[in-house]
Structure formats: structure tokens, C-alpha cells
K.L.:
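Let me begin by handing over the structure; questions about it come next.
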Amino acid sequence: MRSEYRWGLSSPNQSPYNSLFKTNYAATSSERSELETLIFEAQQELTDLDSDISRMRAVLDGLCARRSQVQEFVDVHRALMAPIRRIPAETLAEIFTHCLSTERYPIRSLMEAPLLLTMVCRQWREVTITQPPLWSALHIHVALRIACDAEELAVRQEGVRQWIARAGALPLSLSL
């Protein structure tokens with residue numbers, strides 16, 4: 001990048017023709033020649049500036065990409081030290097039981113506990129799936145429509161079967 005450009009004027013106010021800009025003055029042939037030289041030099045500087053800007057953008061893009069990589073490195077390593085990772089599985093299981101609704105039986109929805117808890121991370125999935133109290137109650141939605149897609153019915157049956165299996169030997173509380 002150049003520290004000084006050959007065209008020394010930084011604004012139209014510094015032009016020797018400044019007083020003529022907002023007039024109807026017509027340049028003489030010698031002034032036209034001088035104006036063409038000024039314009040040519042300014043256009044050359046614009047080309048140089050555009051080139052410098054392109055190089056700087058490339059450098060900046062590279063720096064931004066590297067910054068993103070370093071930030072990701074920091075984030076994943078910092079996550080390894082997160083306090084939630086040090087909570088024992090038994091404590092997590094107790095916390096998870098308090099995530100269940102107290103007003104109704106849970107439904108098979110990824111938007112609610114316990115299924116929602118299985119989607120957070122591998123550890124939470126393992127803790128959730130191995131805690132029968134989280135699976136000992138279920139509300140089974142029975143569709144009012146008679147015609148039910150066989151594939152949809154099979155998926156729902158398998159989901160209920162897995163839910164009940166996860167309850168283990170605990171008594172089940174069901175609602176329809």
C-alpha cells in the first residue's frame with residue numbers, strides 16, 4: 001500500500017477549478033487539456049486505491065477466517081470445563097425429574113421432557129434414557145380420525161413401546 005499517492009488533491013475543494021464547479025463556465029481549450037490531465041491522474045489514483053482496497057479486503061477476509069477458527073478452538077475447549085459437565089449423573093437425573101409436568105402426564109413430543117432432554121447432548125441422553133422414573137407416565141394421544149396412515153401408526157406404536165420399555169419395572173401411569 002502506498003503512503004502517498006501521486007495525485008495530491010484530496011477533495012474537489014482543493015482543485016484550482018473549485019470556484020467554477022457550480023457555474024455555467026465553459027472551460028477553454030487549454031483548461032480542457034489541464035482538466036483532462038487532472039482527471040487522468042485522479043482516475044489512476046482511483047485504480048490504485050481500488051487495487052489497495054482489494055488487497056486489504058483479501059487480508060481482512062483471511063484474518064476474519066483465522067479469527068473464526070481460533071474462536072471455535074477456544075469455545076470447544078472452554079466447553080470442556082463447563083460446570084454442567086461436572087454434575088454427577090445421579091444429580092442430573094434428579095434435576096430431570098423436576099422437568100416433568102406436574103399438571104399432566106408427559107406426551108411423546110420432542111418439545112417436552114423427557115424426550116427434549118435426550119436431544120441436548122450424549123450425556124443427557126444417556127442419563128435420561130436410563131432413568132425409569134422419567135418414563136413411568138405417558139399420555140397417549142388417540143387421533144379422532146378413523147383413517148390413519150399405517151406407517152404413522154407403526155412409528156407411534158414403536159415410540160410408545162420404547163417409552164414403556166424405558167420405564168423398566170416401575171408401575172406405569174397412562175392416560176388417553
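The figures here come from the full heavy-atom set of this structure, side chains too, leaving out hydrogens, waters and symmetry mates.
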K.L.:
Taking all heavy atoms of S51 and all of R55, pick out the closest pair and write down the distance.
P.N.:
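Of all heavy-atom pairs spanning S51 and R55, the closest is OG-NH1, 2.7 Å.
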K.L.:
Hey, does L138 have a side-chain heavy atom less than 4.5 Å from the side chain of L172?
P.N.:
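With C-beta onward as the side chain, the pair stays apart.
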K.L.:
With heavy-atom distances below 4.5 Å as the criterion, would you say the side chains of P114 and F96 are in contact?
P.N.:
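Sidechains of F96 and P114: no contact.
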K.L.:
So which heavy atom on L170 is nearest to which on P133, and how close?
P.N.:
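Looking at all heavy atoms of both residues, the shortest contact is CD1-N, 3.4 Å.
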K.L.:
CG/L38 to CD/E31 distance, rounded to the nearest 0.5 angstrom?
P.N.:
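The CG atom of L38 sits 11.0 Å away from the CD atom of E31.
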K.L.:
Flag the pair E94 / E90 as yes when at least one side-chain heavy-atom distance between them is below 4.5 Å, and no otherwise.
P.N.:
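Result no, sub-4.5 Å side-chain heavy-atom pair not found.
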K.L.:
Closest heavy-atom contact between P132 and G168?
P.N.:
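Of all heavy-atom pairs spanning P132 and G168, the closest is CB-N, 4.4 Å.
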K.L.:
So how far is it from L174 CG to I164 CD1, rounded to the nearest 0.5 Å?
P.N.:
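With rounding to 0.5 Å, CG (L174) is 6.0 Å from CD1 (I164).
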K.L.:
Specify the closest pair of heavy atoms between L115 and R166, including all atoms of both residues, with the distance to one decimal.
P.N.:
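So the two residues come closest at CD2-NH1, 4.2 Å.
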K.L.:
Are the side chains of E158 and R161 in contact, using a 4.5 Å heavy-atom criterion?
P.N.:
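Contact flag for R161/E158 side chains = yes.
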K.L.:
With heavy-atom distances below 4.5 Å as the criterion, would you say the side chains of R67 and C64 are in contact?
P.N.:
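Not touching, per the 4.5 Å side-chain cut-off.
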K.L.:
Restricting to non-hydrogen atoms, name the atom on M119 and the atom on L110 that form the minimum distance, rounded to 0.1 Å.
P.N.:
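Closest pair (atom of M119, atom of L110, distance): SD-CD2, 3.4 Å.
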K.L.:
Determine whether E112 and I107 make a side-chain contact, defined as any pair of heavy atoms from C-beta on separated by less than 4.5 Å.
P.N.:
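SC-SC contact between E112 and I107 confirmed.
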K.L.:
Would you mind reporting whether D75 and Q71 have side-chain heavy atoms less than 4.5 Å apart?
P.N.:
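Side chain of Q71 against side chain of D75, heavy atoms only: contact under 4.5 Å found.
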K.L.:
How about R122: does its CZ atom have over 12 heavy atoms from other parts shown lying under 6.0 Å from it?
P.N.:
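At most 12 heavy atoms, drawn from other residues, nucleotides or ligands, come within 6.0 Å of this atom.
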K.L.:
What's the spacing between T28 OG1 and E34 CD if we round to 0.5 Å?
P.N.:
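These two atoms lie 9.0 Å from each other.
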K.L.:
Is it true that F21 and L35 fall in one hydrophobic cluster, defined by side-chain heavy atoms closer than 4.5 Å?
P.N.:
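As far as the 4.5 Å side-chain criterion goes, L35 and F21 are connected within one cluster.
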K.L.:
Side-chain heavy atoms under 4.5 angstrom apart, residues restricted to Ile, Leu, Val, Met, Phe, Trp, Tyr: same cluster for F40 and L46?
P.N.:
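F40 does not cluster with L46.
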K.L.:
Treating S33 as the side-chain partner and S29 as the backbone partner, does any N or O pair qualify as donor plus acceptor under 3.5 Å?
P.N.:
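Absent.
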K.L.:
Any idea which heavy atoms bring A167 and W135 closest together, and the distance?
P.N.:
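Closest approach of A167 to W135, heavy atoms only: CB-O, 3.4 Å.
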K.L.:
Give a yes or no on this: more than 12 heavy atoms of other residues, nucleotides or ligands lie within 6.0 Å of atom CD of E72.
P.N.:
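Counting neighbours around CD of E72, 12 or fewer heavy atoms of other residues, nucleotides or ligands fall under 6.0 Å, so no.
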K.L.:
Is there a continuous path of hydrophobic side-chain contacts, each under 4.5 Å between heavy atoms, that joins V120 to V127?
P.N.:
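They do share one cluster, since a chain of ILVMFWY contacts under 4.5 Å joins V120 to V127.
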K.L.:
So how far is it from T128 OG1 to L116 CG, rounded to the nearest 0.5 Å?
P.N.:
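Output value for this atom pair is 9.0 Å.
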K.L.:
Look up atom CD in E126 and atom CD in Q131, then write down how far apart they are to the nearest 0.5 Å.
P.N.:
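If I round to the nearest 0.5 Å, the distance is 12.0 Å.
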K.L.:
With heavy-atom distances below 4.5 Å as the criterion, would you say the side chains of I84 and W124 are in contact?
P.N.:
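I84 vs W124: side chains touch.
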K.L.:
State the CG-OH distance between L176 and Y105, to the nearest 0.5 angstrom.
P.N.:
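Here the rounded value is 11.0 Å.
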